Enquirer: 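One structure, pasted below without further comment.
A note on names: the letters A, B, ... follow the listed sequences, proteins ahead of strands, and every chain is numbered from 1. Note that the structure is predicted; figures quoted are calculated from it, not measured.
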Amino acid sequence: DAKTTQPPSMDCAEGRAANLPCNHSTISGNEYVYWYRQIHSQGPQYIIHGLKNNETNEMASLIITEDRKSSTLILPHATLRDTAVYYCIVRSAAGNKLTFGGGTRVLVKP
Amino acid sequence: DTGVSQDPRHKITKRGQNVTFRCDPISEHNRLYWYRQTLGQGPEFLTYFQNEAQLEKSRLLSDRFSAERPKGSFSTLEIQRTEQGDSAMYLCASSLVRDGNTIYFGEGSWLTVV
(Lines give C-alpha, C1' and ligand atoms only; values in the text may rest on other atoms or scores of the structure.)
Protein backbone atom coordinates (compact mmCIF):
# COMPACT_ATOMS: atom_id res chain seq x y z
CA ASP A 1 0.00 0.00 0.00
CA ALA A 2 1.16 3.51 -0.80
CA LYS A 3 2.45 5.72 2.00
CA THR A 4 0.82 8.94 3.11
CA THR A 5 2.17 12.20 4.51
CA GLN A 6 0.19 14.33 6.93
CA PRO A 7 1.07 17.38 9.03
CA PRO A 8 1.75 16.28 12.61
CA SER A 9 -0.66 18.72 14.18
CA MET A 10 -3.11 21.51 13.54
CA ASP A 11 -5.50 23.70 15.47
CA CYS A 12 -8.89 24.90 14.40
CA ALA A 13 -11.60 27.05 15.89
CA GLU A 14 -14.84 25.58 17.14
CA GLY A 15 -17.64 26.09 14.62
CA ARG A 16 -15.28 26.62 11.71
CA ALA A 17 -14.43 24.15 8.96
CA ALA A 18 -11.36 22.01 9.54
CA ASN A 19 -9.40 21.07 6.41
CA LEU A 20 -6.98 18.19 6.89
CA PRO A 21 -4.52 17.58 4.06
CA CYS A 22 -2.93 14.30 3.04
CA ASN A 23 -0.35 13.54 0.37
CA HIS A 24 -0.25 10.14 -1.29
CA SER A 25 1.81 10.70 -4.42
CA THR A 26 2.53 6.98 -5.02
CA ILE A 27 -1.09 5.86 -4.89
CA SER A 28 -2.04 3.13 -7.36
CA GLY A 29 -5.11 3.08 -9.53
CA ASN A 30 -6.95 0.50 -7.44
CA GLU A 31 -6.16 2.06 -4.06
CA TYR A 32 -8.69 3.94 -1.99
CA VAL A 33 -8.08 6.79 0.43
CA TYR A 34 -9.45 6.02 3.89
CA TRP A 35 -9.78 8.37 6.84
CA TYR A 36 -10.04 7.29 10.44
CA ARG A 37 -9.83 9.23 13.65
CA GLN A 38 -8.92 8.22 17.15
CA ILE A 39 -10.17 10.07 20.14
CA HIS A 40 -8.00 9.66 23.22
CA SER A 41 -8.06 6.12 24.65
CA GLN A 42 -10.68 4.89 22.17
CA GLY A 43 -10.46 2.64 19.14
CA PRO A 44 -10.05 4.19 15.68
CA GLN A 45 -13.32 5.36 14.16
CA TYR A 46 -13.99 5.06 10.44
CA ILE A 47 -14.88 8.40 8.88
CA ILE A 48 -15.00 8.13 5.10
CA HIS A 49 -13.23 6.72 2.07
CA GLY A 50 -13.04 7.37 -1.64
CA LEU A 51 -11.41 6.28 -4.87
CA LYS A 52 -11.43 9.30 -7.17
CA ASN A 53 -14.72 11.09 -6.77
CA ASN A 54 -15.40 13.45 -3.91
CA GLU A 55 -17.41 11.85 -1.13
CA THR A 56 -19.63 13.22 1.62
CA ASN A 57 -21.35 11.59 4.56
CA GLU A 58 -22.81 12.75 7.85
CA MET A 59 -19.38 13.12 9.40
CA ALA A 60 -17.21 14.73 6.75
CA SER A 61 -16.37 15.41 3.12
CA LEU A 62 -13.45 13.97 1.22
CA ILE A 63 -11.95 15.90 -1.66
CA ILE A 64 -9.50 13.98 -3.87
CA THR A 65 -7.44 15.82 -6.46
CA GLU A 66 -7.83 14.84 -10.08
CA ASP A 67 -4.38 13.24 -10.19
CA ARG A 68 -5.21 11.46 -6.90
CA LYS A 69 -1.88 12.39 -5.39
CA SER A 70 -3.46 14.27 -2.51
CA SER A 71 -6.72 14.64 -0.66
CA THR A 72 -8.39 16.80 1.96
CA LEU A 73 -10.75 15.75 4.71
CA ILE A 74 -13.19 18.48 5.61
CA LEU A 75 -15.02 18.62 8.92
CA PRO A 76 -17.62 21.28 8.07
CA HIS A 77 -18.33 22.61 11.55
CA ALA A 78 -15.71 21.46 14.01
CA THR A 79 -16.77 20.85 17.58
CA LEU A 80 -14.68 20.23 20.68
CA ARG A 81 -15.54 16.53 20.35
CA ASP A 82 -13.69 16.46 17.02
CA THR A 83 -10.39 16.82 18.87
CA ALA A 84 -8.55 13.63 17.89
CA VAL A 85 -5.75 12.13 15.85
CA TYR A 86 -6.80 11.82 12.21
CA TYR A 87 -5.25 9.15 10.04
CA CYS A 88 -5.16 9.14 6.24
CA ILE A 89 -4.53 5.64 4.89
CA VAL A 90 -4.22 4.32 1.35
CA ARG A 91 -5.38 0.76 0.76
CA SER A 92 -6.84 -1.38 -1.98
CA ALA A 93 -10.44 -2.49 -1.46
CA ALA A 94 -9.32 -6.10 -1.23
CA GLY A 95 -6.40 -5.19 1.02
CA ASN A 96 -5.93 -7.27 4.11
CA LYS A 97 -5.02 -4.58 6.61
CA LEU A 98 -4.67 -0.87 7.33
CA THR A 99 -1.20 0.55 7.89
CA PHE A 100 -1.31 3.56 10.20
CA GLY A 101 1.19 6.40 9.96
CA GLY A 102 1.64 9.23 12.43
CA GLY A 103 -1.61 11.00 11.64
CA THR A 104 -2.53 14.62 12.33
CA ARG A 105 -3.31 15.63 15.88
CA VAL A 106 -6.21 18.06 15.60
CA LEU A 107 -7.06 20.34 18.49
CA VAL A 108 -10.38 22.17 18.27
CA LYS A 109 -10.30 25.29 20.39
CA PRO A 110 -13.29 27.21 21.75
CA ASP B 1 -24.85 -2.33 20.10
CA THR B 2 -23.88 -3.94 16.79
CA GLY B 3 -20.25 -2.84 16.77
CA VAL B 4 -17.08 -4.78 17.47
CA SER B 5 -17.04 -5.87 21.10
CA GLN B 6 -13.92 -6.53 23.16
CA ASP B 7 -13.55 -8.03 26.59
CA PRO B 8 -12.13 -7.23 29.07
CA ARG B 9 -11.70 -3.53 28.49
CA HIS B 10 -8.95 -3.30 31.09
CA LYS B 11 -6.62 -5.93 32.50
CA ILE B 12 -3.82 -5.57 35.02
CA THR B 13 -1.62 -8.60 35.38
CA LYS B 14 1.65 -9.54 36.96
CA ARG B 15 4.65 -10.23 34.82
CA GLY B 16 4.80 -13.88 33.84
CA GLN B 17 1.05 -14.46 33.93
CA ASN B 18 -1.03 -15.42 30.92
CA VAL B 19 -3.85 -13.21 29.67
CA THR B 20 -6.58 -13.73 27.11
CA PHE B 21 -8.65 -11.16 25.27
CA ARG B 22 -11.87 -11.87 23.44
CA CYS B 23 -13.27 -10.12 20.39
CA ASP B 24 -16.76 -10.40 18.95
CA PRO B 25 -16.83 -8.92 15.46
CA ILE B 26 -19.75 -7.27 13.75
CA SER B 27 -22.24 -9.96 12.84
CA GLU B 28 -21.43 -11.78 9.57
CA HIS B 29 -18.12 -10.00 9.10
CA ASN B 30 -15.78 -12.60 7.67
CA ARG B 31 -12.49 -10.83 8.38
CA LEU B 32 -11.17 -10.17 11.85
CA TYR B 33 -8.01 -8.24 12.70
CA TRP B 34 -5.88 -7.73 15.78
CA TYR B 35 -3.77 -4.63 16.31
CA ARG B 36 -1.59 -3.37 19.15
CA GLN B 37 -1.15 0.25 20.13
CA THR B 38 1.34 1.66 22.61
CA LEU B 39 1.16 5.16 24.06
CA GLY B 40 1.88 7.87 21.52
CA GLN B 41 2.00 5.49 18.55
CA GLY B 42 -0.47 4.53 15.88
CA PRO B 43 -2.02 1.06 15.83
CA GLU B 44 0.26 -1.72 14.57
CA PHE B 45 -1.06 -4.75 12.73
CA LEU B 46 -0.64 -8.11 14.44
CA THR B 47 -2.70 -10.65 12.53
CA TYR B 48 -5.91 -11.24 10.65
CA PHE B 49 -8.37 -14.04 9.94
CA GLN B 50 -10.67 -14.70 7.07
CA ASN B 51 -13.38 -16.87 8.54
CA GLU B 52 -11.47 -19.34 10.72
CA ALA B 53 -8.22 -19.24 8.76
CA GLN B 54 -5.37 -17.10 10.07
CA LEU B 55 -3.96 -15.66 6.86
CA GLU B 56 -1.24 -13.28 7.99
CA LYS B 57 0.87 -12.73 11.07
CA SER B 58 3.12 -9.76 11.73
CA ARG B 59 6.67 -10.17 12.97
CA LEU B 60 5.39 -8.36 16.06
CA LEU B 61 3.45 -11.48 16.97
CA SER B 62 6.07 -13.33 18.97
CA ASP B 63 5.85 -16.99 20.00
CA ARG B 64 4.20 -15.91 23.25
CA PHE B 65 1.21 -14.59 21.33
CA SER B 66 -1.45 -16.80 19.85
CA ALA B 67 -4.72 -15.88 18.20
CA GLU B 68 -7.60 -18.14 17.31
CA ARG B 69 -10.94 -17.88 15.60
CA PRO B 70 -12.20 -21.44 15.89
CA LYS B 71 -15.67 -21.12 14.37
CA GLY B 72 -15.14 -18.08 12.22
CA SER B 73 -17.03 -15.84 14.63
CA PHE B 74 -15.41 -14.59 17.84
CA SER B 75 -11.65 -14.56 18.31
CA THR B 76 -9.26 -14.79 21.22
CA LEU B 77 -5.78 -13.35 21.62
CA GLU B 78 -3.67 -15.00 24.28
CA ILE B 79 -0.40 -13.68 25.62
CA GLN B 80 1.68 -16.16 27.58
CA ARG B 81 4.33 -15.24 30.14
CA THR B 82 3.55 -11.56 29.91
CA GLU B 83 6.34 -9.00 29.96
CA GLN B 84 6.20 -5.33 30.83
CA GLY B 85 6.74 -4.52 27.17
CA ASP B 86 3.40 -6.16 26.40
CA SER B 87 1.61 -3.28 28.11
CA ALA B 88 -0.50 -1.73 25.37
CA MET B 89 -4.00 -1.43 24.00
CA TYR B 90 -5.04 -4.43 21.95
CA LEU B 91 -7.51 -3.54 19.24
CA CYS B 92 -9.81 -5.85 17.37
CA ALA B 93 -11.46 -4.95 14.09
CA SER B 94 -13.65 -6.62 11.50
CA SER B 95 -14.77 -6.22 7.91
CA LEU B 96 -17.00 -7.84 5.32
CA VAL B 97 -15.08 -8.46 2.14
CA ARG B 98 -18.07 -8.47 -0.20
CA ASP B 99 -19.38 -5.19 1.22
CA GLY B 100 -16.45 -2.87 0.44
CA ASN B 101 -14.17 -4.38 3.09
CA THR B 102 -14.28 -1.28 5.28
CA ILE B 103 -12.63 -2.08 8.59
CA TYR B 104 -14.39 -1.20 11.84
CA PHE B 105 -12.61 -1.18 15.19
CA GLY B 106 -13.66 -2.02 18.70
CA GLU B 107 -12.87 0.11 21.71
CA GLY B 108 -9.79 -1.88 22.61
CA SER B 109 -8.54 -3.85 25.58
CA TRP B 110 -5.96 -2.14 27.77
CA LEU B 111 -3.27 -4.37 29.22
CA THR B 112 -0.98 -3.26 32.02
CA VAL B 113 1.77 -5.66 33.07
CA VAL B 114 3.22 -4.88 36.50
Enquirer: If you round to the nearest 0.5 Å, how far is NE2 of H10(B) from OG of S41(A)?
Expert: 7.5 Å
Enquirer: Tabulate, in ascending numerical order, the residues of residues 36-47 of chain B having at least one heavy atom closer than 4.5 Å to a heavy atom of chain A, or enter 'none'.
Expert: Q37(B), Q41(B), G42(B), P43(B), F45(B)
Enquirer: Taking all non-hydrogen atoms of both residues, which atom of L98(A) and which atom of F105(B) are closest, and how far apart?
Expert: CD1-CE1, 3.9 Å
Enquirer: For I12(B), I'd like to know if atom CD1 has over 12 heavy atoms of other residues, nucleotides or ligands within 6.0 Å.
Expert: no
Enquirer: Any chain of hydrophobic side-chain contacts (each under 4.5 Å) joining L32(B) to M89(B)?
Expert: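 The answer is no; the residues belong to distinct hydrophobic clusters.
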Enquirer: Any idea which heavy atoms bring Y46(A) and I103(B) closest together, and the distance?
Expert: CB-O, 4.2 Å
Enquirer: Do N96(A) and Q50(B) touch side chain to side chain, with heavy atoms closer than 4.5 Å?
Expert: no
Enquirer: Taking W110(B) as the starting point, is it possible to reach Y90(B) by hopping between hydrophobic residues whose side chains are less than 4.5 Å apart?
Expert: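 No, no single cluster joins them.
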Enquirer: Considering all heavy atoms of both residues, which atom of G43(A) and which atom of L91(B) are nearest to each other, and what is their separation?
Expert: CA-CD2, 3.7 Å
Enquirer: I'd like to know whether CG of D67(A) has more than 12 heavy-atom contacts from other residues, nucleotides or ligands below 6.0 angstrom.
Expert: yes
Enquirer: Can you get from Y35(B) to F21(B) by hopping between Ile, Leu, Val, Met, Phe, Trp and Tyr side chains that sit under 4.5 Å apart?
Expert: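 No, because Y35(B) and F21(B) fall into different hydrophobic clusters, even though each may have its own neighbours under 4.5 Å.
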Enquirer: Would you name the heavy atoms of E107(B) and Q42(A) that are closest together and state the gap between them?
Expert: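 Taking every non-hydrogen atom into account, OE1-CB, 3.4 Å.
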Enquirer: Using the rule that two of Ile, Leu, Val, Met, Phe, Trp, Tyr join whenever any of their side-chain heavy atoms come within less than 4.5 Å, decide whether Y86(A) and M10(A) are in one cluster.
Expert: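 Same hydrophobic cluster.
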Enquirer: With a 4.5 angstrom heavy-atom cut-off, which part of Q38(A) approaches chain B: side chain, backbone, both or neither?
Expert: side chain
Enquirer: For atom CZ of R16(A), decide whether the heavy atoms of other residues, nucleotides or ligands shown that lie under 6.0 angstrom number more than 12.
Expert: no
Enquirer: Which atoms of E56(B) are under 4.5 Å from chain A, going by heavy atoms: the side chain, the backbone, both sets, or neither?
Expert: side chain
Enquirer: Give the cluster check for L61(B) versus W34(B): same hydrophobic cluster or not, with ILVMFWY residues linked at side-chain heavy-atom distances below 4.5 Å.
Expert: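 Both belong to a single hydrophobic cluster.
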Enquirer: Just wondering, more than 12 heavy atoms not from R64(B) lying within 6.0 Å of its CZ?
Expert: yes
Enquirer: Hey, does the side chain of Y34(A) reach the backbone of T102(B) with a donor-acceptor pair shorter than 3.5 angstrom?
Expert: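 Looks like no, no N/O pair under 3.5 Å.
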